[in-house]
Colleague: 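Dropping a structure here in structure tokens format, bear with me for questions.
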Amino acid sequence: MHIADGILPLAVSVAGYATTSGLTWFSLRRIRQLPDPQAGVPRAALLAAGFFVVSWIHIPIPPTSVHLLLNGLIGMLLGWYAFPAILIGLFFQAVMFQHGGLVSLGVNATMIGAPALLGHLLAQLARQRGWLAPQRQFSTGVVGFVIGATTLAMSVLMFFAVQIFSFDQIDPTLQRNALLVAVVGYLPVILIEGVLTAMVMTFLARVQPDLLGAPAAPLPELVAHGAPVQEG
Amino acid sequence: MHRWDARYKLVGLSALLLAMSAVNDLRLAPVMLALAAGCFLLSRLPLSFLLSRLRYPGFFLLAVVVLVPLMSGETVLVQFGWLGVRQEGLVLMLVIVTRFVSILTVSIVLGTQPFVKSVQAMGALGLPPLLTDMILFFYRYLSDMAAMLMQMQQAMWLRGFQANRLSSLPAYAALMGSLLLRSYAQSERVYLAMRLRGYGAAPRSRGQFGATGYDRAALALALVCAAGLVAASWWL
């Protein structure tokens, strides 16, 4: 889901770059406040590469197939690193594969990255309430579904709204109807994205709980028996 | 074109790209195309390379080419039942297509610069080290991840996985989760290995660049062309 270069007017592209600059600055500021900001760089970059590759998988929705965006999952797993990771992925796509474009990079990054940051904030809220926890797989799945579907819905809405409302010569009623049709047409993909995000979240909760943002579980025997750690 | 200092090239061609997106008048389309053709000829790239790169993003433009002449404007040129091809929409479509081809051509010329060199140039122009590090890590491990995905998918197919049903979603989720786990595990190993080699402790170099008078003159020319294009689009 990219807007190609040449379609948007300059004002929209510049506004996209302004928003992207602001969100990148804010994300980097929050990253620098972390105890060891550099420790997260390889993790965020490699997970971003993983997400980039995962988005190539064709998911069957008979009679066709779709690619997933997974910006909600990126937000939940990468936290404040999500926006820079998405920006880098989009920059790479624009330069190496001509998907999207360098002029529309700001708009595309805002469209996909801003909902990812919202996904991170919602996930933080869910963690505080205990809904996103390895022990509670059902609620983790529900949180995954809600965040996955909501973030994609936001991106879809922005994607079509930016394209349709950029042409001021089009009749406003026609613009509104086109937006409605486009978003309703995307509903099955939004649901599939939500379901798959939920499934990946429950999978990670079972296999690698510390990826969900929760601390890794301590070794049971050391906690249960209070055994001292032996040195040497 | 390829000998142009990477920092100056990045600034000059980016300015041209932005200026091209400001063009809204069909009368400026030939000027824009001429600028793009000039960049392309100076880069000495084969035409087949350009055409192969234009093909895929061209599909994204197809909707605009079809819909804009039907939806935009009031002066109907041709009527097919309830559908009418409008003059304003047709002009807008031509402007968009010219803009698209010009911008993409200049982007392709910019993209022929070695990727690492472009990242170093962005670092030298002030991009935060955290971002340049992330870009380089991403670039280094992307092909590893792609190879990993291909291997895992082959393993699934060899075990009889049917990819054409909605009921295969749990298997896709496990595939995605496993790939993310592998990238996570690899990132931990990479980080520890880099810490042992002093990552984050040594002072950073901003890359070795040396601009000549020709680099500066080329940048000035690109900026003048970009400013001229923007001024002309406002004037017309």
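Heavy-atom basis, side chains included; hydrogens, waters and symmetry copies ignored. So you know, we letter chains A, B, ... as the sequences are listed, proteins then strands, and number each from 1.
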Colleague: Please look at B/Leu169 and chain A and tell me whether the side chain, the backbone, both or neither of the residue comes under 4.5 angstrom of a heavy atom of that chain.
Modeller: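 Contact with chain A involves both backbone and side-chain atoms of B/Leu169.
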
Colleague: Do A/Phe203 and B/Ser178 come close enough that some side-chain heavy atom pair is under 4.5 Å?
Modeller: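 Yes; the side chains approach each other to less than 4.5 Å.
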
Colleague: Below 4.5 Å from any heavy atom of chain B, which atoms of A/Thr197 appear? Answer side chain, backbone, both or neither.
Modeller: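 Contact with chain B: none, neither part.
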
Colleague: Within a strict 4.5 Å, meaning less than it, do heavy atoms of the A/Phe52 and B/Met145 side chains meet?
Modeller: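 A/Phe52 does not reach B/Met145 side chain to side chain.
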
Colleague: Restricting to non-hydrogen atoms, name the atom on B/Ser183 and the atom on A/Gly50 that form the minimum distance, rounded to 0.1 Å.
Modeller: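 Heavy atoms only, the tightest pair is OG-CA, 4.4 Å.
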
Colleague: What are the two closest heavy atoms between B/Phe100 and A/Ala4, and how far apart are they?
Modeller: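 That would be CE1-CB, 4.1 Å.
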
Colleague: At a heavy-atom separation under 4.5 Å, does B/Met122 approach chain A through its side chain, its backbone, both, or neither?
Modeller: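 Contact with chain A: side chain only.
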
Colleague: A/Leu8 and B/Arg99: which non-hydrogen atoms are nearest, and at how many Å?
Modeller: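 Closest approach of A/Leu8 to B/Arg99: O-NH2, 3.7 Å.
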
Colleague: Evaluate side-chain contact (heavy atoms from CB on, under 4.5 Å) for B/Leu13 paired with A/Leu102, printing each intermediate quantity in order.
Modeller: CA-CA 11 Å; B/Leu13 293 186; A/Leu102 288 174; over 6 Å; no

Colleague: At a 4.5 Å cut-off on heavy atoms, which part of B/Leu180 comes close to chain A: side chain, backbone, both, or neither?
Modeller: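 Backbone plus side chain of B/Leu180, per the 4.5 Å heavy-atom cut-off to chain A.
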
Colleague: Would you say that B/Tyr191 contacts A/Leu46 through its side chain, given a criterion of any heavy-atom pair below 4.5 Å between the two side chains?
Modeller: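 Heavy-atom side-chain distance check fails, nothing below 4.5 Å.
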
Colleague: Go through the atoms of B/Thr112 and report whether side chain, backbone, both or neither lie under 4.5 Å from a heavy atom of chain A.
Modeller: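 Neither part.
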
